[in-house]
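Structure record follows, encoded as structure tokens.
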Amino acid sequence: MSTNELFISGIGISRNVLATIVTLAAEKVEGVARVGGNDTASNLVSVFTSRSIAPEAAVESYVEDGDLRVVVHLAVFYGYPFTKLAADVRSAVATAISEQVGVEVSAVDVCIDSLVFPKE
């Protein structure tokens with residue numbers, strides 16, 4: 001079994017595939033600036049090597065007791081209430097995985113790692 005693959009409901013799913021689904025769903029939520037926090041070291045690596053940061057660094061997924069659990073790290077825009085934004089992200093991610101993969105998500109943990117302030 002590959003360490004990059006999760007087995008749930010009789011199928012193997014790449015963590016990269018789940019990370020892509022989670023990223024696309026979360027980035028559609030109003031108030032989300034980007035998936036992935038403000039990791040200065042990673043940002044410098046991407047600037048100086050023209051390599052993008054792997055989406056799996058911002059999205060973690062694992063199976064626990066037969067249930068799929070997801071952790072998503074976000075940078076969010078200042079001015080959006082965190083509890084509502086997190087609830088909207090949880091709903092969007094759970095729906096996207098359910099529709100695309102066909103499995104239910106038992107938990108979506110939202111980590112707000114940085115704030116983005118509007119430019120004036």
Side-chain angles (χ1 to χ4, degrees):
M1 175 166 104
S2 165
T3 58
N4 190 36
E5 198 166 49
L6 296 175
F7 283 89
I8 188 164
S9 297
I11 60 173
I13 306 166
S14 163
R15 282 186 166 89
N16 293 340
V17 168
L18 286 174
T20 299
I21 293 167
V22 170
T23 299
L24 292 172
E27 286 180 342
K28 291 179 182 173
V29 174
E30 186 177 352
V32 173
R34 67 183 171 278
V35 173
N38 190 15
D39 183 344
T40 304
S42 295
N43 290 341
L44 288 175
V45 167
S46 67
V47 167
F48 290 113
T49 65
S50 70
R51 282 190 358 225
S52 62
I53 303 307
E56 62 271 14
V59 177
E60 303 161 45
S61 54
Y62 55 96
V63 176
E64 183 176 270
D65 298 325
D67 292 329
L68 178 61
R69 298 179 64 92
V70 174
V71 180
V72 59
H73 296 266
L74 302 175
V76 300
F77 289 111
Y78 178 78
Y80 288 84
F82 290 170
T83 53
K84 180 182 182 329
L85 192 140
D88 291 348
V89 169
R90 280 188 200 98
S91 176
V93 166
T95 299
I97 290 176
S98 176
E99 289 175 354
Q100 185 69 37
V101 181
V103 298
E104 297 302 315
V105 181
S106 66
V108 177
D109 295 324
V110 177
C111 301
I112 298 174
D113 293 343
S114 62
L115 279 175
V116 175
F117 293 92
K119 296 183 178 172
E120 302 196 77

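For the numbers below, each heavy atom of this structure counts, side chains included, while hydrogens, waters and symmetry mates do not.
- Heavy atoms from other residues, nucleotides or ligands lying under 6.0 Å from OH of Tyr78 number 12 at most.
- Here OG1 of Thr20 is found 14.0 Å from CZ of Arg15. Values are rounded to the nearest 0.5 Å.
- Cluster annotation: Val101 is not connected to Tyr62 through the hydrophobic network of ILVMFWY side chains, with a link wherever side-chain heavy atoms come within less than 4.5 Å.
- The hydrophobic clustering, which links ILVMFWY residues whose side-chain heavy atoms are closer than 4.5 Å, places Val32 and Val71 apart.
- A 6.0 Å sphere centred on CD of Glu64 holds more than 12 heavy atoms belonging to other residues, nucleotides or ligands.
- The backbone N or O of Val108 sits less than 3.5 Å from a side-chain atom of Arg90, completing a donor-acceptor pair.
- Heavy-atom minimum distance, Tyr80 versus Leu85: CB-CD1, 3.7 Å.
- For Ser61 against Leu6, the heavy-atom pair with the smallest separation is OG-CD1, 3.5 Å.
- Residues Pro81 and Gly79 come closest through the heavy atom pair CD-O, 3.8 Å.
- Residues Glu60 and His73 approach most closely at OE2-NE2, 2.7 Å, considering heavy atoms.
- At most 12 heavy atoms of other shown residues, nucleotides or ligands fall within 6.0 angstrom of atom CD in Glu104.
- Shortest non-hydrogen contact noted between Ile8 and Gly66 is CD1-O, 3.6 Å.
- With Ser106 contributing its side chain and Leu68 its backbone, the two residues share a donor-acceptor pair below 3.5 Å.
- With contacts defined as side-chain heavy-atom distances shorter than 4.5 Å, the pair Val105/Val93 does not qualify.
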Legend entry - Derivation and outcome, side chain to side chain contact (heavy atoms under 4.5 Å, CB included), residues Val35 and Val22: CA-CA 9 Å; Val35 173; Val22 170; 5.7 Å; no
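- Using a distance-only test at 3.5 Å, with no hydrogens or angles considered, no donor-acceptor pair links the side chain of Ser98 to the main chain of Ala94.
- Scanning all heavy atoms of the two residues, the minimum distance from Val116 to Ala75 falls at CG2-CB, 4.2 Å.
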